[in-house]
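Here's the structure, in structure tokens; my notes come after.
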Amino acid sequence: MQISGLVLFLSEDAASATEALTTLRARVDLEFGAAAAPRRVPAVLTAPTSGASKDAIRAFEALAGVERVEVAFIAFEDEEHTEHGREDVRCS
């Protein structure tokens, strides 16, 4: 399982940003944090594989109202890693 910390950058157009956020909030694989700045929404994506995570992020970026998605961190959880403790991979 791959867990990704994301920052979603929303459009300046309030209507398209609201529509994108409504669409994103309907996803069961995303959890949202409190936005610290207008148009920047922190989220955590849980995906079964790295490929599924990449596909989801591409889908988010394709939404009207989402300007870009930045990946703040990636953590992998599977039996091998959780047995010995979580190993995180951080990227900038």
Side-chain angles (χ1 to χ4, degrees):
M1 179 179 308
Q2 181 171 319
I3 300 168
S4 303
L6 309 174
V7 180
L8 306 164
F9 289 79
L10 302 178
S11 170
E12 289 185 21
D13 177 60
S16 63
T18 299
E19 185 175 333
L21 198 52
T22 299
T23 299
L24 292 165
R25 287 192 190 280
R27 295 185 60 113
V28 297
D29 56 353
L30 273 177
E31 293 181 37
F32 293 89
R39 301 180 337 128
R40 292 187 185 121
V41 181
V44 175
L45 170 67
T46 303
T49 66
S50 178
S53 179
K54 289 177 186 176
D55 290 345
I57 291 169
R58 286 186 191 113
F60 303 158
E61 291 174 326
L63 286 172
V66 176
E67 289 185 356
R68 74 178 188 275
V69 178
E70 290 187 4
V71 179
F73 74 89
I74 300 171
F76 298 93
E77 284 191 0
D78 58 28
E79 288 182 21
E80 178 181 333
H81 288 109
T82 55
E83 192 173 292
H84 302 291
R86 181 190 298 181
E87 294 180 17
D88 293 339
V89 176
R90 301 197 188 283
C91 8
S92 55

Between the CG atom in D55 and the OG1 atom in T49, the distance rounded to the nearest 0.5 Å is 7.5 Å
Which atom pair, heavy atoms only, marks the closest approach of P42 to A35? CD-CA, 3.8 Å
Tell me the closest heavy-atom pair linking S11 and E67, and the distance in Å. CA-OE2, 3.5 Å
Hydrophobic cluster identity match, F73 and V7, side-chain contacts under 4.5 Å: no
Check whether any side-chain N or O of S4 sits under 3.5 Å from a backbone N or O of L6 as a donor-acceptor pair, and report yes or no. no
Let me check something: do L30 and I74 share a hydrophobic cluster, defined by ILVMFWY side-chain heavy atoms less than 4.5 Å apart, either directly or through other members? yes
Cluster link F60 to F9, ILVMFWY, side chain under 4.5 Å: no
Residue pair L63 / A20: nearest heavy atoms and the distance that separates them: CD1-O, 4.3 Å
CG/L8 to CD/E70 distance, rounded to the nearest 0.5 angstrom? 10.0 Å
CZ on R68 to CD1 on I57, rounded to 0.5 Å: 14.0 Å
Do V71 and V66 land in one hydrophobic cluster if side-chain heavy atoms of ILVMFWY residues count as linked below 4.5 Å? yes
To the nearest 0.5 Å, tell me how far F32 CZ sits from L24 CG. 5.0 Å
Can you confirm whether R40 is buried at CZ, in the sense that more than 12 heavy atoms of other residues, nucleotides or ligands lie under 6.0 Å from that atom? no
